[in-house]
Amino acid sequence: MNETATKYDPHAVEEKWYAYWMEHRLFHSEPDNREPYTIVIPPPNVTGVLHMGHMLNNTIQDILVRRARMMGKNALWVPGTDHAAISTEAKVVAKLASEGINKHDLSREEFLRHAWDWTDKYGGIILKQLRKLGASCDWERTAFTMDEQRSKSVIRVFCDLYDKGLIYRGVRMVNWDPRALTALSDEEVIYKEEQSKLYHLRYKVEGEDRYIIVATTRPETILGDTAVCVNPNDERYTWLKGKKVIVPLVGRAVPIIMDDYVEMDFGTGCLKVTPAHDVNDYMLGDKYNLPSIDIFNDNGTVSEAGGMYVGMDRFDVRRRIMEDLQAADLVEKVEDYVNKVGHSERTDAVIEPKLSMQWFVKMESLAKPALAAVEDGDISFVPAKFRNTYRHWMTNIKDWCISRQLWWGHQIPAYYLPDGGYVVAETPEEALVKAIEKSGNASLTLDDLKQDADCLDTWFSSWLWPISLFNGILEPENEEFKYYYPTADLVTAPDIIFFWVARMIMAGYEFSGKKPFGNVYFTGIVRDKIGRKMSKTLGNSPDALELLDKFGADGVRMGLMLAAPAGHDIMYDDSLCEQGRNFCNKIWNSFRLIKGWQVADEAQPEASKLAVKWFGEKLNATIAEMDDLMGKFRISEALMAIYRLFWDEFSSWYLEMVKPAFGQPMDSATYNATLGYFDMLLRLLHPFMPFITEELWQNLAERKDGESIMYAQIPAAAKADEKMISDFESVKEIVAGIRTVRKQKQIPQKEALELNAQKSHNPAFDAVIAKMGNISALIIKEEKDPTAAAFIVGKTEYSIPLADKVNPEEEIAKLHKEREYYTKFLAGVEKKLSNERFVANAPEAVVAIERKKKADAEAKLATIAASLSALGAN
RNA sequence: GGGCGAUUAGCUCAGCUGGUUUAGAGCGUCUGCCUUACAAGCAGAGGGUCUGCGGUUCGAAUCCGUAAUCGCCCACCA
């Protein structure tokens with residue numbers, strides 16, 4: 001380490017200590033007698049790269065884990081990645097396409113080989129990047145949602161739920177992603193407001209020369225129309241009862257149905273019904289036994305069943321059909337219209353509601369204990385407002401569509417028999433046994449069984465994450481599971497509360513009988529300076545690795561944390577990281593100062609003795625404050641507390657008080673106390689800024705190989721001497737008063753001054769005042785010196801005799817200003833006290849405070865009056 | 001359409017069960033200083049009728065109502 005550099009250089013330091021921590025396996029945890037503290041990482045996508053959100057989220061987790069470790073707990077942070085079925089498969093498909101390979105020309109096995117190659121190559125890059133941030137994960141436990149243990153757990157759970165009757169297969173209207181070519185769960189659909197059109201189309205009434213007008217946003221779906229619906233109470237349309245209308249262009253006659261689902265005042269009051277491509281229309285179709293014409297292929301082009309525009313994309317059809325309708329004079333009008341359109345969370349494709357055969361989980365019974373856990377506070381949410389969101393979702397929960405028409409993921413363990421029917425089993429061998437039993441056909445072989453081609457939703461493996469990491473599904477009695485589970489805290493972003501958090505809670509109770517974690521800390525969303533969400537398309541997200549490089553990991557961590565109270569979005573700006581970097585520098589330079597001191601065996605100066613005593617109290621108070629704040633997950637406030645202790649109290653006051661004169665040595669008592677304090681400050685800072693604290697801690701004293709600040713304990717708070725702390729605040733004010741006088745009168749610090757004080761002055765810290773103010777003599781003197789520059793601290797007036805330098809008029813003006821303030825203040829207090837109802841109703845303590853305020857203000861005014869009269873004014 | 005949350009200094013936010021807060025912090029701004037740890041620094045200063053209105057109370061930034069603005073979540077009006 002280069003002790004002469006005035007700037008902290010994070011680069012070499014970070015690499016060195018991370019390697020040291022790894023080499024000595026300091027992140028590794030095994031069950032022992034200590035209290036466990038466990039966090040499981042929200043697994044990032046296996047092919048993802050580090051972004052601002054990850055940095056925030058993982059910094060918080062690291063702070064919690066490192067702090068727990070330093071409080072003597074057996075801390076474990078388990079890392080891992082998620083196979084992210086849809087997005088990974090999409091990436092692999094795109095990569096193959098760029099090589100001229102079409103996914104569908106490959107067998108499932110061939111495709112999976114490519115996918116695994118891709119995963120091996122790019123997978124886990126993000127985990128390497130987390131190391132640069134300082135994440136103290138137990139990398140030996142790195143897991144993957146598709147590794148063997150996790151995969152087996154998933155399959156076991158599927159079979160278990162199936163056996164319990166909680167998983168079923170059926171034809172339902174699902175959200176279809178025509179780009180990823182798979183069904184999605186409701187949660188994977190993002191509704192976005194879009195500027196679109198409302199098309200008013202003319203439907204001819206069969207056998208009459210009359211038309212009705214139907215309003216739609218999707219004219220292309222008329223190909224699938226099988227009815228037109230009006231409200232039975234709508235008098236405009238009673239004449240339509242029992243009639244049929246002709247679908248424009250298509251020429252098909254469809255019945256008029258009457259249902260009060262239709263809003264009379266929307267559009268024209270006529271609704272076209274396309275049961276195959278709209279959830280509500282499906283419901284109507286079901287109710288009125290309408291035929292359902294599926295006019296789209298899986299990729300969103302028109303199918304043979306559409307009869308026209310076959311093979312054309314749905315959006316091209318929209319344009320074309322409108323041209324054709326215009327030409328046939330079947331368009332009444334076109335209005336601008338804003339509506340919400342569902343998009344795929346992963347591919348952003350516009351969702352097509354589609355009827356298909358899928359697998360579902362019945363959620364109602366799973367939700368019950370999970371809801372109760374949060375309602376009863378067994379699991380607490382930070383901030384608590386997310387309980388509302390959670391409650392609402394849980395009480396309106398719908399069945400979960402878990403099948404995905406993908407290859408990358410856990411293949412559904414359902415096996416179809418040659419003569420129909422299927423069995424669900426953990427392995428093909430077990431399936432065969434069940435199949436033989438079910439069919440009564442003993443000659444069946446493995447080749448006769450055909451496994452369901454679909455994969456499971458990614459979240460069907462993620463919801464088991466906390467349990468499956470400790471193998472709690474397959475071996476619920478294993479030692480690790482019993483020790484580490486339930487985990488302590490979960491740190492995640494609120495946008496996956498339904499995807500993940502809620503489902504983990506359900507899985508926790510269902511598969512382990514216990515909650516998966518005690519607290520859920522919801523982070524904010526990182527936004528840019530003007531409040532926009534950071535996104536690739538906007539290009540407003542700084543490159544995470546560049547930031548780490550520019551400001552150092554500690555600087556970035558601190559910058560993010562300073563602005564990140566729980567659940568509060570943070571507006572990112574580089575100035576935050578600059579502040580973090582500057583703080584690193586401050587710490588660095590304090591260390592340089594301390595290490596530069598010569599130590600001699602001499603008596604401890606009075607000022608140093610006082611400083612040591614005072615800072616000890618201040619340290620105690622801050623430890624207590626941090627304990628309290630961290631207990632409430634007010635992490636940024638805890639950081640601010642230690643930041644201010646270090647910068648304002650330790651650097652600006654303590655070090656200045658004990659600092660020996662230039663070239664002079666320091667007494668060993670003060671020196672050792674200072675080293676002790678510095679050590680303690682480093683410990684308190686370490687969870688937030690792991691690298692610089694390790695570097696300095698290692699250099700602060702001789703350390704054995706393998707020793708680390710990571711395991712240096714943060715002691716429990718002792719009771720602080722509040723009296724001493726508050727007395728010292730007055731001392732600061734006195735010193736500040738002296739500094740102000742010096743500044744106003746342009747008297748340099750090196751010129752010693754005399755200070756007069758009234759007898760109410762507390763002499764306990766005189767040595768400090770003398771040193772910090774460069775005061776040669778502090779004289780208790782009641783009478784006023786008109787040639788002295790005065791200031792008041794508390795009730796006591798202080799003055800510095802300056803002979804000719806004092807301008808009496810300035811002094812008088814200053815006193816008048818103070819008098820004005822205190823007169824007003826006193827009037828306010830007196831008004832309160834003269835209110836009988838206040839005195840009668842307010843608690844005694846509150847009244848006493850007001851009385852003291854009054855007495856203090858009066859004393860102060862008396863002091864001011866005396867000073868004024870001494871100056872010959874009033 | 002329902003719900004939730006926010007609105008406090010130029011910016012980002014504290015202020016928890018109303019009373020030692022006629023309101024605090026960090027950053028930024030302004031003024032002096034390259035003082036032998038640190039100019040990414042030091043010493044100071046200025047800056048707010050707590051979104052508006054009404055109410056409860058002896059007392060309101062804090063509780064209640066209401067309006068406005070913003071944000072988020074949920075929902076099957078084409």
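Side chains are part of it too, since the values below use all heavy atoms of this structure and drop only hydrogens, waters and symmetry mates. Every chain is numbered from 1 and lettered A, B, ... according to where its sequence line falls, protein lines coming before strand lines.
Ring orientation note: the planes of A:Phe615 and A:Tyr654 are tilted relative to one another, at an angle of 30° to 60°. Between A:Trp393 and A:Phe498, the angle of the ring planes stays under 30°, which puts this pair in the parallel group of the 30/60° scheme.
Across all strands shown, B:rA68 is found opposite B:rU7 as a Watson-Crick or G-U wobble partner, with both distances under 3.5 Å. Checking B:rC63 for Watson-Crick or G-U wobble geometry (two distances, each under 3.5 Å) identifies B:rG55 as its partner. Base pairing of B:rU17: no nucleotide in any strand meets the Watson-Crick or G-U wobble criterion (both distances under 3.5 Å). B:rA40 is unpaired under the Watson-Crick or G-U wobble criterion, no partner having all donor-acceptor distances under 3.5 Å. Under the Watson-Crick and G-U wobble criteria, each requiring two contacts below 3.5 Å, nucleotide B:rC76 is left unpaired.
Side-chain polar atoms of A:His343 and A:Glu194 form a donor-acceptor pair below 3.5 angstrom.
Of the residues near RNA chain B, A:Ile570 and A:Asp648, the one whose nearest nucleotide (by heavy atom distance) lies more toward the 5' end is A:Ile570. The residue among A:Tyr8 and A:Asn396 whose nearest nucleotide of RNA chain B lies closer to the 5′ end is A:Tyr8.
The distance between atom NZ of A:Lys340 and atom C1' of B:rC74, rounded to the nearest whole Å, is 9 Å. A straight line from CH2 of A:Trp393 to P of B:rA75 spans 10 Å, rounded to a whole angstrom. Rounded to an integer number of Å, the gap from NZ of A:Lys192 to P of B:rC73 is 13 Å. Following rounding to the nearest Å, A:Phe386 (CZ) and B:rG3 (C1') show an atom-to-atom distance of 14 Å. Here B:rA25 presents its C1' atom at 13 Å from CG of A:Leu629, a figure rounded to the nearest Å. Rounded to a whole Å, the CD atom of A:Glu637 is 16 Å from the P atom of B:rC27. Following rounding to the nearest Å, A:Leu284 (CG) and B:rC77 (P) show an atom-to-atom distance of 13 Å. To the nearest angstrom, C1' of B:rA75 lies 16 Å from CD1 of A:Ile397.
Taking a 6.0 Å sphere around CD of A:Glu844, one finds it holds 12 or fewer heavy atoms contributed by other residues, nucleotides or ligands.
Look at the C1' atom in both B:rC34 and B:rC27: the space between them is 24 Å, to the nearest Å. Nucleotides B:rC74 and B:rC16 place their P atoms 30 Å apart, quoted to the nearest Å. The same atom, C1', is picked in B:rC73 and in B:rG10; the two are 32 Å apart, to the nearest Å.
For A:Phe678 against A:Ser590, the heavy-atom pair with the smallest separation is CE1-CB, 4.0 Å. Nearest heavy-atom pair, A:Ala638 versus A:Met630, reported as atom, atom and distance to 0.1 Å: CB-SD, 3.6 Å.
Side chain of A:Met640, nearest nucleotide from B:rA25, B:rC38, B:rC73: B:rA25. The side chain of A:Asn585 has B:rA40 as its nearest neighbour among B:rA40, B:rG44, B:rA78.
A:Arg739 contributes no side-chain N or O that forms a donor-acceptor pair with the base of B:rA43 under 3.5 Å. At a cut-off of 3.5 angstrom, counting only N and O atoms as typed in the model, there is a donor on one side and an acceptor on the other between the side-chain of A:Lys586 and the base of B:rC38.
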Filtered N/O pairs between nucleotides 47-50 of chain B and protein, under 3.5 Å:
none

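With sequence neighbours excluded, the residues forming a side-chain contact (heavy atoms from CB on, under 4.5 Å) with A:Arg819 are A:His816, A:Thr823, A:Leu861, A:Ile864, A:Leu868, listed by chain and number.
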